[in-house]
Amino acid sequence: MTGERFDPSIADGRWQAAWDEAKCFEADSASDKPKTYVLEMFPYPSGRIHIGHVRNYTMGDVLARYHAMRGREVLHPMGWDAFGMPAENAAMEKGVHPGGWTYANIETMKGQLKQLGFALDWSREFATCDAEYYGHEQALFIDLFENGLVYRKESEVNWDPVDMTVLANEQVIDGKGWRSGAEVEKRKLNQWFLKITDFAEDLLAGLDTLEDWPQKVRLMQENWIGKSQGLEFSFDLSSGDKLPVYTTRPDTIFGASFVAVAADHPVAQAVAADDATAQEFIALCKRGGTTAAELETAEKLGFDTGITARHPFTGAQLPLFIANFVLMDYGTGAIMAVPGHDQRDFEFATKYGLPIPRVVAPSVDEAAKPFDGEAEAGEGVLVNSDFLDAMPVEEAKAEVISRAEKSGWGKGTTVWRLRDWGVSRQRYWGTPIPFIHCLNEDGACGVVPVPRDQLPVKLPEDVSFDTPGNPLLRHPTWKHTECPKCGGAAQRETDTLDTFVNSSWYFLRFASQPADKPFDAAEIAQWLPVDQYIGGVEHAILHLLYARFWTRALARCGKLDAKEPFASLFTQGMVTHETYSRKDGPREVYYTPAEVDRSSEGAVLKDDGQPVQIGKVIKMSKSKKNVVDPEDIIRDYGADAVRWFMLSDSPPERDLPWSEAGIEGCGRFVQRLWRLFGQFDEAASGEDKDLARRTHQTIAAVAEDIEALAFNKAVARIYELTSAAEKAKPSADRNHAIRSLLLMASPMMPHLAEEGWHALGGEGLVAKAAWPQVDEALLVNDEVTIAVQHKGKLRDTLTAPADASKDDLEALALASEKVQRSIDGAQIRKVIVVPGRLVNIVT
RNA sequence: GCGGGCGUGGCGGAAUGGUAGACGCCGGGGACUUAAAAUCCCCUGUCCUUUGAGACGUGCGGGUUCGAGUCCCGCCGCCCGCACCA
């Protein structure tokens, strides 16, 4: 029998050790069982596990444990997304080595994950900064190169002149470097690119097959890929050049009243070459910020070049402007402007007094309708457009494209918003790009891949971070090598790969990890695709798109036979908490939940007993101090209460408000279940048909809920059956209910379940036990409650046999005194009977 | 601007078109106890000058239906993503 109270401080460690010893969670690729791959997005080892990780991994853990109970061979691995900037920042601030810092964090965080009792296959653990892992990654990068999916190109980057490094767009704040505060420059650098655009069409089409992905994520990727179809054609310029433009609205071509190019456009550069005013204007355009807010308010500015462009149909000469709202890196960097039907063109034309012709109208009769202060981008029919008049928009688009193609001055084209993926980073803490630049003056060798037998290209250990810039570049010896082709002097590539490359194939390495190659295709085929992938929605685009791309790219290289890496995706909500703060003059001072005593009346600071302001429930963040440390709450309540809280109440896709009262309630329930286990009575016999039914119905429903990731509902059902079992008298059926509750709760509260299983004399570990069987016959009740309505309003309920006929139910309903009182002698026109549910009498 | 999501008690939230508010939290009352903790029981949407198998009630206004939180149309509010993408 079980003791007074369940003590997690003893039980948690005991069972974690038992699982380790039994190697409970090591996945066997050779197993005959059907396979299930459950994966949560692996963490960046920033220092400590935070509550968001706990929620994410608890969900995955419940699934992993549940599927194992259902007889599946489960792969549930964990590792570390270990390269990245924070390690270098720590190196600069604290003078530690990024590697030492990272591995120490991994040690800490692994210990924290173990404290939560996750059913992880630690035998497959790796960090992406392990030379073994990034060496295989280098080999894959060379594979992509050999298959024409890697290239070098000069491209413009954000350059921080103080830190001497490239910054990502997110690291540029108000035009200044986020660390140095220095004015960011645009620089052209030779950078490595991956040809993700080769797969644009396929990545887009593949979204339709991902039925078990959130629609939101699919739409976000669709928008990101940004397929648009239109017409590309060239204007003949008065300068003698040809100017290619791209438009998605070829139908409005008769409404074009000017032409515009981007400031970086060759035509603009040519004009500026001998025109100082143009030069000034271009400089002005470049200075403009790129944040959303700035663009929102930015005025449309233009510079009239004096050049004109000949309209392909009318022959009219349209003025050519350099304009600040035209982007060089989309389409051709030049546009035909149709002010009547494009808002930006409208604003520009208004400002510079250019004509705004109408070429689309609600009907042909409204060809002269004036504009109401803005462009009209909607549907309609063409007007003032010669041979297009009266055609609907779609038809007119096709007609213009067909005429342009016939006359040879333009063609229908598809343009993508998706850009090739620039993967060069001028950083130390990343995968070295495995290439060598031959320094031979004849240039015959060029850039050469590192021979495979020389992989991995390892990062040097002896680096310093006391001066800005890339430590690999200034390392005294590391970069010097010889050309693999000619044997002459050569220099290693000193750029490293974007960390998103590391996370683009880690799920493959988890499934298969031979020493001599990145993975084994046959073994991958056993496990992939990942059956359930779980992570934050913040990765909806970049990581998830890159991983889909890598899977396709590797398939093209013949490395594997798979298309989509993640069959089902789930994006979980954040953990939130209210904030506590006080005004200190103009500043708001925040306090952590641990510094505050919270009651239903309000909150006071423990230090001085004076009230603090209770703020909104928002995402936990260090700056607002509304954080709880997982280790603290595990210590106070035990791993199972924390896990249970993560699953209770809020649906997993929504935000979960953390509350002290909530976790206390979960702690109480852990004890309540424990006491119920103590009620298990070997000697009890006899039936409790009602409880037996509820037990079987609960088993079926909880299974269904877990499979649908509706953990909050599964939790509610376990509460209900617990109440029922507590109230029931001892019987064999009650024992069965208790044992079933233990098994059903085991994926969620595994330590409590093991302790109870042991106390109840269960064989082996509950982690290895089977999910309870459902007796189908007991899923249906033989008596049901029938609602009786009069004109749709509830008037009575009655109990009837589940198989009662429609006629019987009608008769029973009409016999009800309450119903008769409501009908009050009125003529009955109709009686609707839904067997097993209700009777509705219509008068 | 474009795209998407969501509005249900004091709070988190349940509810194949069929008894709205399951379950949890908070709150109130009671039992046990010398007392407290722990535990257990009951109540807990609003209204009532008909306390009743009453009325009202799922953001607002319409509609479909025997029956609408759920489906349709039109609003309002909040949240998220993308964004001078031609």
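All heavy atoms count here, side chains included; hydrogens, waters and symmetry mates do not. Sequence lines set the chain letters: A, B, ... in the order given, protein chains first and strands last, and positions in each chain run from 1.
The side chain of A/W224 has B/C82 as its nearest neighbour among B/C85, B/G4, B/C82. Set against B/G3, B/A86, B/A38, the side chain of A/R5 has B/A38 as its closest nucleotide. Each of B/G3, B/A86, B/C26 was ranked by its minimum atom distance to the side chain of A/R668; first place goes to B/C26. Here the side chain of A/D796 is nearest to one of B/C85, B/A53, B/C40, namely B/A53.
Without hydrogens or angle criteria, A/R717 side chain to A/T698 main chain gives no donor-acceptor distance under 3.5 Å. A donor-acceptor pair is defined here as one N or O able to donate and one able to accept, closer than 3.5 Å; such a pair exists between the side chain of A/R55 and the backbone of A/G573.
Among the atoms of the strands shown, base atoms are found under 4.0 Å from some heavy atom of A/Y246.
In terms of position along RNA chain B, the nucleotide closest to A/R837 lies nearer the 5' end than the nucleotide closest to the other residue of the pair A/D345 and A/R837.
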Practice task
Show the numbers, then the answer: is there a side-chain hydrogen bond (donor to acceptor under 3.5 Å, both in side chains) between A/R643 and A/S648?
Solution key: CA-CA 9 Å; A/R643 295 169 58 115; A/S648 305; over 6 Å; no
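By the 4.5 Å heavy-atom criterion applied to side chains, A/W674 and A/L752 are counted as neighbours. You'll find the side chain of A/L569 reaches within 4.5 Å of the side chain of A/L544, heavy atoms only. The shortest side-chain heavy-atom distance between A/V604 and A/S599 does not fall under the 4.5 Å cut-off.
Note that CZ of A/F325 and CG of A/D345 are 5.0 Å apart. Values are rounded to the nearest 0.5 Å. Note: A/F281 CZ to A/I322 CD1 = 7.0 Å, rounded to the nearest 0.5 Å. Rounded to the nearest 0.5 angstrom, A/Q572 CD and A/L709 CG are separated by 10.5 Å.
Just one residue in the list A/F235, A/F303, A/Y352, A/F348 forms a ring-ring contact (aromatic ring centres under 6.0 Å, His included) with A/F258, and that residue is A/F348.
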Protein-nucleotides 66-69 of chain B N/O pairs under 3.5 Å:
unit_1 : atom_1 : unit_2 : atom_2 : d
B/C66  : OP1    : A/K830 : NZ     : 3.4
B/C66  : O2'    : A/N840 : ND2    : 3.3
B/C66  : O2     : A/N840 : ND2    : 2.5

Give each protein N/O atom lying under 3.5 Å from an N/O atom of nucleotides 54-56 of chain B, with the pair distance.
unit_1 : atom_1 : unit_2 : atom_2 : d
B/A55  : OP1    : A/R795 : NH2    : 3.2

Detail all sub-3.5 Å separations between protein N/O atoms and N/O atoms belonging to nucleotides 71-73 of chain B.
none

Could you pull out the protein-nucleic contacts involving nucleotides 12-15 of chain B (nitrogen or oxygen on both sides, under 3.5 Å)?
unit_1 : atom_1 : unit_2 : atom_2 : d
B/G12  : O2'    : A/S650 : OG     : 2.7
B/G12  : N2     : A/D649 : OD1    : 3.1
B/A14  : OP1    : A/N712 : ND2    : 3.3
B/A15  : OP1    : A/K713 : NZ     : 2.6

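In this structure, CZ of A/F325 is placed 10 Å from P of B/C85, rounded to the nearest angstrom. Nucleotide B/A86 holds its P atom 13 Å from the CG atom of A/D251, rounded to whole Å. One atom, CG of A/L545, and another, C1' of B/G81, lie 15 Å apart when rounded to the nearest Å. In this structure, A/F6 places its CZ atom 19 Å from P of B/A38, rounding to the nearest Å.
Sorted by first and then second residue, the ring-ring contact (aromatic ring centres under 6.0 Å, His included) pairs with a member in residues 697-730 of chain A read A/W644-A/Y719, A/F669-A/Y719; sequence neighbours excluded.
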Practice task
Dot-bracket for RNA chain B, please, read 5' to 3', with Watson-Crick or G-U wobble pairs under 3.5 Å on both distances, ( ) within the strand, [ ] crossing, | other strand, . unpaired.
Solution key: (((((((..(((.....[....))).(((((.......))))).((((...).)))..(((((..]....))))))))))))....
